[in-house]
Amino acid sequence: MAVSKPQAPSLPPPPPPPAAVEGKPPPTYIRQPISLQPSHNKKNHPSKSNLLFRRFRSVFRSFPIINIPSCKMPVSLHGGRSNDGHVHGGTRMTGTLFGFRKARVNLAIQENSRCLPVLLLELAIPTGKLLQDMGMGLVRVALECEKHPNEKTKIIDEPIWSLYCNGRKSGYAVKREATDDDLNVMQMLHAVSMGAGVLPSEVTSDQQENGDLMYMRAHFERVVGSKDSETYYMMNPDGNNGPELSIFFVRI
């Protein structure tokens, strides 16, 4: 007589992963379509500064990030502030500092958070270092370039600047056109008027060995002194508390 083999007891199926238990998909970042609108004064054709930047960028990125003492000091272009914090004669803009913690910081200026940037600079200062300094007190960044006779270029369209941070030479700054990665950052922050934090690393296609992708956004007041001087003051909703930043553009 055939002897039936004992059957192994049936086991319950393994539990689904936690995300499925909660009815949520695994956390993934999906790039949003760019809905930013052109600024009123934005040019639609490539600028000379962009053409020069393409040639200069590979060399600029090979420069070490240094901080060399210098006798030059930022030019003081202070404007009076009203009781509500506005600078007299200033135009309100949206400014965003962003970049990987150990990589060079980027500064984007927009007419508002839903517009394409009117100015995008790459500064030879690590993002984490600049934000740390801002948390400790007022930071003054001076960007200087040479003045030429019969100058017709707008000051913010200059392609390359000597960079001074609180009176110390800190390398260079270059103006460039926004890349897809830059626009992805601006798009993710389009509903943010003020704030600071860390963005998902998947927002950009760059390598991630430079730390977290950090950002700080605030209102800036743009004050035009002359065709050879322009200043951006970061406005603080808390009055004198919190980080402050002033950026001076000067042709000398």
Side-chain angles (χ1 to χ4, degrees), residues 17-19 24-36 57-58 60-67 93-110 113-114 116-117 119-141 143 163 165-166 168 170-220 232 234-238 241-247:
K24 298 179 181 179
T28 57
Y29 172 74
I30 300 177
R31 293 199 172 192
Q32 306 174 26
I34 305 301
S35 62
L36 302 174
R57 183 173 186 176
S58 59
F60 173 74
R61 285 187 176 273
S62 67
F63 293 165
I65 298 177
I66 55 177
N67 197 24
M93 312 285 283
T94 296
T96 309
L97 295 164
F98 67 97
F100 289 101
R101 185 184 302 272
K102 299 178 183 179
R104 291 180 170 90
V105 66
N106 302 284
L107 170 66
I109 300 293
Q110 303 162 271
S113 62
R114 299 181 183 275
L116 293 167
L119 175 64
L120 183 61
L121 295 176
E122 184 174 330
L123 313 178
I125 305 175
T127 306
K129 179 66 167 59
L130 179 60
L131 297 183
Q132 181 183 20
D133 290 347
M134 290 173 61
M136 298 173 61
L138 178 62
V139 174
R140 293 183 176 90
V141 173
L143 302 175
L163 170 63
C165 185
N166 284 343
R168 296 169 64 89
S170 301
Y172 295 90
V174 293
K175 179 183 177 181
R176 60 181 177 83
E177 297 295 325
T179 64
D180 290 342
D181 288 342
D182 299 323
L183 295 179
N184 285 328
V185 172
M186 297 296 101
Q187 180 64 40
M188 175 167 279
L189 297 175
H190 76 280
V192 178
S193 58
M194 292 178 290
V198 177
L199 296 174
S201 58
E202 296 85 355
V203 173
T204 72
S205 58
D206 290 342
Q207 298 297 320
Q208 309 303 320
E209 60 268 13
N210 287 320
D212 298 324
L213 179 57
M214 309 172 67
Y215 80 92
M216 173 179 283
R217 168 166 285 184
H219 293 305
F220 280 70
Y232 290 80
M234 191 182 81
M235 310 306 297
N236 296 317
D238 299 329
N241 298 325
E244 291 190 5
L245 174 68
S246 297
I247 302 173

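Quick note: residue numbers are just sequence positions, from 1.
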*Quick one: do I109 and Y232 satisfy side chain to side chain contact (heavy atoms under 4.5 Å, CB included)? Show the steps, please.*
CA-CA 9 Å; I109 300 293; Y232 290 80; 3.9 Å; yes

*Check the pair L121 / L143 against side chain to side chain contact (heavy atoms under 4.5 Å, CB included), numbers first and verdict last.*
CA-CA 11 Å; L121 295 176; L143 302 175; 3.6 Å; yes

*For side chain to side chain contact (heavy atoms under 4.5 Å, CB included), just list the numbers for L97 and N106, CA-CA rounded to whole Å, side-chain angles, deciding distance to a tenth of an Å, and then say yes or no.*
CA-CA 6 Å; L97 295 164; N106 302 284; over 6 Å; no

*Mind running side chain to side chain contact (heavy atoms under 4.5 Å, CB included) on L163 and I125 for me, showing each step along the way?*
CA-CA 9 Å; L163 170 63; I125 305 175; 3.7 Å; yes

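The NE2 atom of H190 sits 10.5 Å away from atom CE of M188, with the distance rounded to the nearest 0.5 Å.
Between P117 and M186, the closest heavy-atom pair is CG-CG, 4.1 Å. Of all heavy-atom pairs between L213 and P200, the closest is CD2-O, 3.9 Å. Residues M214 and G128 approach most closely at SD-CA, 4.2 Å, considering heavy atoms. The two atoms that bring A178 and L183 nearest to each other are CB-CD2, 3.9 Å, heavy atoms only. Across L36 and L116, no two heavy atoms sit closer than the pair CB-CD2, 3.7 Å.
Side-chain contact check for C165 versus V139: some heavy-atom pair is nearer than 4.5 Å. For the pair Q110/T96, a side-chain contact is recorded, criterion being any heavy-atom separation below 4.5 Å from C-beta on. You'll find the side chain of L199 reaches within 4.5 Å of the side chain of V185, heavy atoms only. Taking the side chain as every heavy atom from C-beta outward, I34 and N184 approach each other to under 4.5 Å. A 4.5 Å side-chain heavy-atom check between F98 and L107 finds every atom pair outside the cut-off. For the pair M234 and S246, the minimum side-chain heavy-atom distance is 4.5 Å or more.
The backbone N or O of L189 sits less than 3.5 Å from a side-chain atom of R217, completing a donor-acceptor pair. Between the side chain of E244 and the backbone N or O of M235, no donor-acceptor pair lies under 3.5 Å. With hydrogens and angles ignored, the 3.5 Å screen pairs a side-chain donor or acceptor of S170 with a backbone N or O of R168. A donor-acceptor pair is defined here as one N or O able to donate and one able to accept, closer than 3.5 Å; no such pair exists between the side chain of D212 and the backbone of R101. T127 contributes a side-chain N or O that, together with a main-chain N or O of A103, makes up a donor-acceptor pair within less than 3.5 Å.
With E122 as the partner, the side chain to side chain donor-acceptor pair (under 3.5 Å) test is satisfied by one option alone out of K175, R176, R104: R176.
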